There are 2 protein chains.
Amino acid sequence: MNPKRQLLVDTALDLFYKNGINSIGINEVISVSGVAKRTLYAHFASKEALIVAALQKRHEIFAAWLEQKLSGSNSNQEVIQRLFAALASWFAHKENTLGDFRGCFFINTSAEFSDMNSEILQFCRFHKEQVRDIISRHLINADSALLDAICIMKEGAIVIAQLGGDGGAVTAKCTEMLQALES
Amino acid sequence: MNPKRQLLVDTALDLFYKNGINSIGINEVISVSGVAKRTLYAHFASKEALIVAALQKRHEIFAAWLEQKLSGSNSNQEVIQRLFAALASWFAHKENTLGDFRGCFFINTSAEFSDMNSEILQFCRFHKEQVRDIISRHLINADSALLDAICIMKEGAIVIAQLGGDGGAVTAKCTEMLQALES
DNA sequence: GCTAGAGTAGACAATTCGGTCTACATATGT
DNA sequence: ACATATGTAGACCGAATTGTCTACTCTAGC
């Protein structure tokens, strides 16, 4: 809608994801985006509101990306294979839609805020539920045990890839294990 | 060794782990510990040096805790069972040694710093390698595939527990799946 | 008793933080 | 043509940031 608001959210998301939220001040967001500080505070009541908007934007991007990666799968085996192939591609910085991989924005954000009741952490939990739902909807005869296993390994793979592990090897292991579990 | 230094590291670790590193200023560390600022800078060249010392302390505590939890295991099945039982207990805030659970300090710290070559992130990677080694040493005929699976699920369980998931249920799933994989 | 080491309190510097405010410019709809 | 909305630049505020410095106190060893 509003182009300035959108620019601010995009810039904030980019800076927050790359550097961590507490490392980026409002002044950096405005100087990088080229938007006046007054305009920022015309669109957002506070830095926290901007953070929430950035989280929402990231959620939209990620959910759409995942949905597209999984849509059209014909078996649970294929869902597993596609999901972890997509993650591997993300880890290897080959997914332009998601930007350069630096872990899960929502896990990272959770690390920076301690008030579990804040809107920020509530949204992080919401995102994880939604992602679980997306995966679930693509599974045939949604087996809860399989869904749990997929979600656990997905988070594990993301964390290990972020801390310098071999993202390709890890996702391959996950695929192998989960496909064995399903058959 | 030096009591003031130790007090500073303990206080810093507690505050950093509870609130995130960038949310805690040097002034808070000194006011909570009751140590003069001058003394802090007599022991540490900078905040970064204090952070590294806190990471080291946390690593010592965690490594000793894990070692104790796994020592005396008589089979890979038992290692798996013990590891995830210990994690479940940690997630449920029943491990006094580790303090109230708020995720993995090293994953959390990785989220706050972006320079992969900094001493801070180097130490986070070192910690993960060491933990992997500890688990590996307790496995019989250390099967690399099993070790990978354990490490992936361990990270996944920690992240899910941190974001409000049912830590007990997740660790039970992990135990079940890994024991099936091993038999 | 004196000296040296270690610690204290807190002022201070320089910068940055989130956020407010004034004064002005531009663009759009009627 | 004029009003309204939306934008700009940037001064300003009080608080907080990391880090330095001065001046004083306490304690242990000789």
Side-chain angles (χ1 to χ4, degrees), chain A residues 1-57 108-109 111-115 117-121 123, chain B residues 1-57 108-109 111-115 117-121 123:
Chain A
M1 306 291 131
N2 188 302
K4 294 290 174 181
R5 186 192 154 96
Q6 205 147 359
L7 176 59
L8 283 165
V9 173
D10 289 348
T11 307
L13 173 55
D14 186 56
L15 292 172
F16 288 162
Y17 180 56
K18 276 199 175 78
N19 304 95
I21 291 176
N22 285 329
S23 301
I24 296 297
I26 236 65
N27 290 314
E28 191 148 0
V29 175
I30 63 164
S31 85
V32 170
S33 65
V35 172
K37 190 183 276 199
R38 192 70 210 262
T39 307
L40 189 156
Y41 281 99
H43 289 296
F44 303 97
S46 63
K47 187 188 183 184
E48 179 163 354
L50 178 62
I51 295 168
V52 172
L55 288 167
Q56 276 164 343
K57 173 91 182 190
N108 291 353
T109 299
E112 297 203 64
F113 299 88
S114 45
D115 177 5
N117 296 322
S118 71
E119 204 178 342
I120 291 171
L121 291 199
F123 193 87
Chain B
M1 308 293 130
N2 188 301
K4 295 290 174 185
R5 186 192 153 96
Q6 204 147 359
L7 176 58
L8 283 165
V9 173
D10 289 347
T11 306
L13 172 54
D14 185 57
L15 292 172
F16 288 163
Y17 180 54
K18 277 198 175 78
N19 304 96
I21 291 176
N22 285 329
S23 302
I24 296 296
I26 236 67
N27 291 316
E28 191 148 359
V29 175
I30 64 165
S31 84
V32 171
S33 66
V35 172
K37 189 181 277 196
R38 193 69 211 262
T39 307
L40 189 156
Y41 281 99
H43 289 296
F44 303 98
S46 63
K47 187 187 181 183
E48 179 163 354
L50 178 62
I51 294 169
V52 171
L55 287 167
Q56 275 164 342
K57 173 92 184 191
N108 290 352
T109 299
E112 298 203 64
F113 299 89
S114 47
D115 177 5
N117 295 324
S118 71
E119 205 179 339
I120 290 171
L121 292 199
F123 193 87

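Source: prediction; values computed, not measured. Letters A, B, ... mirror the listed sequences (proteins, then strands); counts begin at 1.
Side-chain atoms of K37(A) and base atoms of dG19(C) include a donor and an acceptor less than 3.5 Å apart.
Phosphate contact (OP1/OP2 of dG7(D), side-chain N/O of K4(A), threshold under 4.0 Å): absent. The side chain of T39(A) contributes an N or O atom lying less than 4.0 Å from OP1 or OP2 of dT8(D). Contact check, N27(B) against dA16(D): no side-chain N or O comes under 4.0 Å of OP1 or OP2.
The shortest side-chain heavy-atom distance between K37(B) and N27(B) falls under the 4.5 Å cut-off.
Atom CG in N19(A) sits about 16 Å away from atom C1' in dC17(C), given to the nearest Å. Rounded to whole Å, the distance from CD1 on I21(B) to P on dT18(D) is 12 Å. Atom pair Y41(A):OH and dC13(D):C1' shows a separation of 13 Å (rounding to whole Å applied). For L50(B) and dT18(D), the CG to C1' distance is 12 Å, given to the nearest whole Å. Computed from coordinates, the I51(B) CD1 to dT18(D) C1' distance equals 11 Å when rounded to whole Å. Between the CD1 atom of I24(B) and the P atom of dA16(D) there is a distance of 13 Å, given to the nearest Å. Rounded to a whole Å, the CZ atom of F44(A) is 15 Å from the C1' atom of dT6(D). Taking atom CG on N22(B) and atom C1' on dT18(D), their separation rounds to 12 Å, with Å as the unit.
Out of dC17(C), dG7(D), dT8(C), the shortest distance to the side chain of H43(A) is found at dG7(D). The nucleotide whose nearest atom lies closest to any side-chain atom of A36(B) is, among dG18(C), dG7(D), dT8(C), dT8(C). Of the candidate nucleotides dG19(D), dG19(C), dT8(C), dG19(D) has the atom lying nearest to any side-chain atom of S46(B). Listed nucleotides: dG10(C), dG18(C), dA9(D). Nearest to the side chain of R38(B): dG10(C).
Checking each of I26(A), I51(A), V9(A), T39(A) against F44(A) for a side chain to side chain contact (heavy atoms under 4.5 Å, CB included) leaves exactly one that passes, namely V9(A).
The shortest heavy-atom contact between L15(B) and I24(B) is O-CG1, 3.7 Å. Residues H43(A) and R5(A) come closest through the heavy atom pair O-NH1, 3.5 Å.
Note that CZ of F16(A) is 10.0 Å distant from OG1 of T11(A), once rounded to the nearest 0.5 Å.
Using a 4.0 Å heavy-atom criterion, one finds that I30(A) contacts no nucleic acid atom at all.
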